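Keep in mind the model is a prediction, meaning the values are calculated, not measured.
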Amino acid sequence: MSIPELFASDVFNRQVMQDKLPKEIYKSLIRTIDEGAPLDMSVANVVANAMKDWAVEKGATHYTHWFQPMTGITAEKHDSFISPMKDGKVIMEFSGKELVVGEPDASSFPSGGVRATFEARGYTAWDPTSFAFVKDGTLYIPTAFFSYSGEVLDKKTPLLKSMAALSRQALRILRLFGNTSAKQVHSTVGAEQEYFLIDKKMYDARKDLVFTGRTLFGAKPPKGQELEDHYFGAIKTRISAYMKELDEELWKKGILAKTKHNEVAPCQHELAPVFTTTNVASDQNQLMMETMKKVAEKHGLYCLLHEKPFAGINGSGKHNNWSLSTDRGANLLDPGSTPSENGQFMLFLTAVIAAVNEHQDLLRLSVASAGNDHRLGANEAPPAIVSVFLGEELEEVIESLIKGVKYNGNGKRTMKLGVDTLPELPKDTTDRNRTSPFAFTGNKFEFRMVGSSFSLAGPNIILNTIVADVLGRYADELEKAADFNAALHDLVVREIKKNKRILFNGNNYSEEWAKEAEKRGLYNFRTAAEALPHFADKENIALFERNGVFTAREVVTRTEIMLENYCKVLNIEALTMIEMAKKDIYPAVNSYIVSLGEALRCKTSILPGIACGTDERTIRRLAAGNDALGERAEELEGLLVESKAYENTAELAKFFADKVIPVMRELRASADGMEMCVSAKYWPFPTYGDILFSI
Ligand code: ADP
Ligand code: MG
């Protein structure tokens with residue numbers, strides 16, 4: 001099959017709909033997809049039947065409502081199309097009702113205390129804006145997930161609501177600029193996914209990887225990433241075979257996998273698809289992560305999506321490239337070439353800057369997790385402080401605007417919005433500030449703080465909502481203006497002045513920036529435990545309610561779920577460390593001490609008087625090290641017992657961050673120190689060197 005034939009061959013997309021559905025039904029469905037028009041059950045029945053016939057042709061026997069509970073991954077329950085007949089035979093059936101609603105039991109999904117037992121029933125509702133697809137003999141139907149009482153239990157529904165809020169407000173702005181044709185404004189996302197690929201045998205031999213997705217022990221190998229010879233390096237045959245199959249699998253599912261390359265750390269790679277609307281990008285990213293893992297196993301590999309699988313070398317992120325686009329495909333963050341286009345661009349740009357400044361806390365906590373804590377604010381890629389990078393040209397334009405000073409790029413005049421044109425801004429990648437957590441890259445923003453294992457929904461719910469809120473405020477003001485151009489100019493100048501502290505073009509990793517940011521009054525939440533409780537701050541609840549994205553109760557329960565998740569992850573990590581320390585490392589070191597002791601006895605009895613200083617020193621060092629290891633493991637056990645007494649999740653999270661993590665660190669240090677002087681034959685699991693350089 002050629003690639004164009006292969007592409008989306010497993011997807012019930014517009015092309016297939018048009019081929020398989022009667023004209024009127026097709027039109028009606030497209031109205032639902034594009035304009036959110038309600039779907040008639042008679043239409044749903046015809047669509048369901050066509051979908052089933054198409055899926056059965058592709059070998060499907062089952063269908064599933066595919067949804068995204070608060071676990072951060074997807075869930076599915078499969079039902080067959082089989083329906084019994086009176087004569088004892090069966091037919092393959094699928095009704096409109098089965099397509100539109102489902103009723104999975106919701107009682108075992110995280111709810112943050114939303115559901116009482118009597119309302120354990122959960123419902124799924126078809127999201128026609130994300131196409132159904134066939135995978136492993138099942139028709140997958142993307143759905144939203146909510147409770148009997150209407151409480152939202154998933155990540156998709158609020159994402160759709162945030163997109164709707166953004167569309168509403170952005171359209172008001174577009175109308176002010178005389179755009180009468182746009183029907184919707186979508187937020188668009190292209191997410192660059194970083195990941196590690198290691199040998200499956202190495203993975204299986206490490207309990208920490210199996211239980212937690214990251215290594216909890218491991219001394220630094222002689223070679224790490226310091227030579228920078230992996231970044232964009234030639235792709236090894238085994239990896240390249242994996243990437244080829246992965247591309248094909250993704251293409252079949254209609255995912256536009258586009259760019260692939262080796263990343264900075266050994267065994268680290270990146271895959272970026274072409275951007276699409278946020279909702280579809282989020283669904284596809286889930287499918288992508290799942291497919292990455294599955295294809296890896298076929299190649300004897302394991303795909304690690306954890307933010308920090310290995311200490312001391314780069315972790316993985318998911319750069320969230322974000323922009324706004326009309327339903328006609330006009331990118332609203334693309335500076336135009338006429339004065340009015342430029343005025344519009346500057347207004348949207350200002351709105352994003354203001355939104356990020358006003359809601360740094362929300363952006364920070366939208367990417368907060370136990371895993372991502374190892375990246376943000378640690379000694380690598382984006383710091384925990386949120387700031388915006390615009391690039392020199394745009395900063396210069398802004399300076400000219402707010403100070404009324406002459407601007408070079410514009411024939412030495414001062415800029416006037418709605419009257420003057422902006423200069424060409426370079427869309428080039430060379431002078432980008434790679435250290436910025438939120439960078440303007442020519443016609444979109446790149447939010448770099450998102451962790452590699454995250455669902456795209458969380459951060460994009462926040463981005464969409466905060467920008468929608470600011471746009472709504474701007475629309476309120478500008479709709480009342482007598483002189484639009486003058487009001488626009490004043491608003492942009494005033495707002496940029498007000499939010500200027502969020503702009504930073506320098507090195508985000510430097511000590512000075514942390515100090516400077518503090519002076520500017522910017523937040524610096526170092527851990528998820530510090531950041532997450534702010535989700536439920538009074539003004540944040542008001543923001544979500546105002547924009548119709550979350551109810552107050554949903555915000556509170558979601559905060560609870562995120563904090564709970566943080567504590568659970570750390571609890572599992574601590575337990576895994578204790579187990580590995582006591583059952584694997586401690587006995588292994590003891591065995592090695594015994595063997596050294598035997599060697600020592602042997603040497604001194606055969607060759608009396610020979611110097612055995614090294615043996616003695618090693619024995620002493622290991623004996624002390626193993627004792628420290630045992631003590632730290634016991635201390636950690638004690639802390640976990642203590643943790644059971646906490647009833648308030650935010651306090652428990654703080655306990656894990658402040659008390660448990662430091663002891664985990666000490667436990668690790670004592671093991672890693674011993675690893676360096678224990679015979680490789682005795683060390684109970686593969687080392688960093690084994691894992692990172694085995695492919
Ligand atoms: P880089 O590594 O230089 O940042 P990549 O090419 O790896 O860039 O990734 C850029 C990502 O940005 C791609 O997924 C691309 O589709 C996406 N992108 C481009 N334009 C937009 C846009 N208007 N909205 C959202 N994402 C976009
Ligand atoms: Mg990239």
Side-chain angles (χ1 to χ4, degrees), residues 32 36 38-39 41 44 47-48 51-52 62-81 94-133 135-136 138-164 279-280 282-287 289-290 454-458 460-461 535-536 544-545 548-565 568 649:
T32 302
L39 191 79
M41 200 37 94
V47 177
M51 229 187 228
K52 183 237 359 182
H62 289 66
Y63 70 92
T64 181
H65 275 203
W66 188 58
F67 58 104
Q68 299 169 25
M70 293 295 299
T71 52
I73 53 171
T74 57
E76 50 195 75
K77 177 185 132 211
H78 298 211
D79 277 298
S80 75
F81 291 123
F94 187 47
S95 70
K97 185 167 172 290
E98 286 167 316
L99 167 64
V100 175
V101 281
E103 251 188 75
D105 183 358
S107 56
S108 296
F109 290 110
S111 74
V114 171
R115 282 181 322 270
T117 18
F118 69 90
E119 44 179 53
R121 236 183 325 165
Y123 291 89
T124 47
W126 180 33
D127 167 18
T129 63
S130 183
F131 299 132
F133 55 92
K135 182 168 78 83
D136 306 326
T138 296
L139 170 67
Y140 280 72
I141 302 156
T143 58
F145 181 47
F146 49 92
S147 78
Y148 179 66
S149 50
E151 211 99 30
V152 174
L153 299 175
D154 70 347
K155 296 195 172 225
K156 179 190 270 280
T157 313
L159 181 60
L160 290 169
K161 287 179 175 174
S162 73
M163 289 173 75
N279 172 37
V280 174
S282 170
D283 283 2
Q284 291 194 339
N285 184 254
Q286 289 288 352
L287 194 53
M289 290 194 286
E290 195 189 302
F454 274 66
S455 153
L456 284 175
N460 286 294
I461 291 169
F535 194 44
F544 290 117
E545 290 199 311
V549 176
F550 290 122
T551 63
R553 199 156 98 117
E554 283 163 3
V555 174
V556 172
T557 51
R558 258 154 225 262
T559 312
E560 191 67 17
I561 292 173
M562 291 189 292
L563 283 165
E564 254 175 25
N565 177 271
K568 284 178 186 165
T649 325

Counting N and O atoms only, with roles assigned by atom type, does the side chain of Thr143 sit under 3.5 Å from a partner on the main chain of Trp66, one being a donor and the other an acceptor?
->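 Side chain of Thr143 to backbone of Trp66: a pair is present.
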Any donor-acceptor pair under 3.5 Å linking the side chain of Gln286 with the backbone of Leu456?
->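 Side chain of Gln286 to backbone of Leu456: no pair is present.
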[atom1] of [X] to [atom2] of [Y]: how many Å apart, nearest 0.5 Å?
X	Y	atom1	atom2	value
Arg558	Phe535	CZ	CZ	7.0 Å
Ile141	Phe131	CD1	CZ	14.5 Å
Phe133	Leu139	CZ	CG	9.0 Å
Thr74	Asp154	OG1	CG	12.0 Å

How far apart are the C-alpha atoms of Lys77 and Asp79, what are their side-chain angles, what is the distance that settles it, and do they pass the side-chain contact (heavy atoms from CB on, under 4.5 Å) test?
-> CA-CA 7 Å; Lys77 177 185 132 211; Asp79 277 298; 4.1 Å; yes
Knowing that exactly one of His62, His78, His65 qualifies, which makes a side chain to side chain contact (heavy atoms under 4.5 Å, CB included) with Tyr140?
->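 Exactly one pass, corresponding to His78.
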Specify the closest pair of heavy atoms between [X] and [Y], including all atoms of both residues, with the distance to one decimal.
X	Y	value
Lys155	Ser455	CD-OG, 3.8 Å
Phe146	Ala125	CE2-CB, 3.7 Å
Thr157	Phe145	OG1-N, 3.9 Å
Ala44	Leu39	CB-CD2, 3.9 Å
Thr559	Ala536	OG1-CB, 3.6 Å
Ser162	Val549	CA-CG2, 3.8 Å

Check against side-chain contact (heavy atoms from CB on, under 4.5 Å), Leu159 and Ser282 | CA-CA 9 Å; Leu159 181 60; Ser282 170; 3.8 Å; yes
Taking only residues two or more places apart in sequence, or in another chain, which ones meet Lys156 in a salt bridge (charged side-chain N to carboxylate O under 4.0 Å, His left out)?
->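 Testing Lys156 for salt bridge (charged side-chain N to carboxylate O under 4.0 Å, His left out), a comparison that skips the adjacent residues, returns Asp127, Asp283.
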Looking at residues at least two apart in the chain, or sitting in another chain, which of them share a salt bridge (charged side-chain N to carboxylate O under 4.0 Å, His left out) with Lys568?
->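 Testing Lys568 for salt bridge (charged side-chain N to carboxylate O under 4.0 Å, His left out), a comparison that skips the adjacent residues, returns Glu564.
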Using side-chain hydrogen bond (donor to acceptor under 3.5 Å, both in side chains) as the criterion, list what pairs up with Thr64, not counting sequence neighbours.
->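 With neighbours one apart ignored, the set is empty.
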Could you walk me through whether Lys161 and Val152 pass the side-chain contact (heavy atoms from CB on, under 4.5 Å) check?
-> CA-CA 11 Å; Lys161 287 179 175 174; Val152 174; 3.8 Å; yes
Using 4.0 Å as the upper bound for N to carboxylate O, is an ion pair formed by Lys135 and Glu290?
->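 So Glu290 pairs with Lys135 through a salt bridge.
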Taking C-beta and beyond as the side chain, do Thr124 and Pro104 meet within less than 4.5 Å on heavy atoms?
->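 In short, these two side chains touch, coming nearer than 4.5 Å.
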Do the side chains of Thr32 and Trp126 get nearer than 4.5 Å, heavy atoms only?
->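 With C-beta onward as the side chain, the pair stays apart.
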Between Leu99 and Lys52, is a side-chain contact (heavy atoms from CB on, under 4.5 Å) present by the stated rule, with each step listed?
-> CA-CA 10 Å; Leu99 167 64; Lys52 183 237 359 182; over 6 Å; no
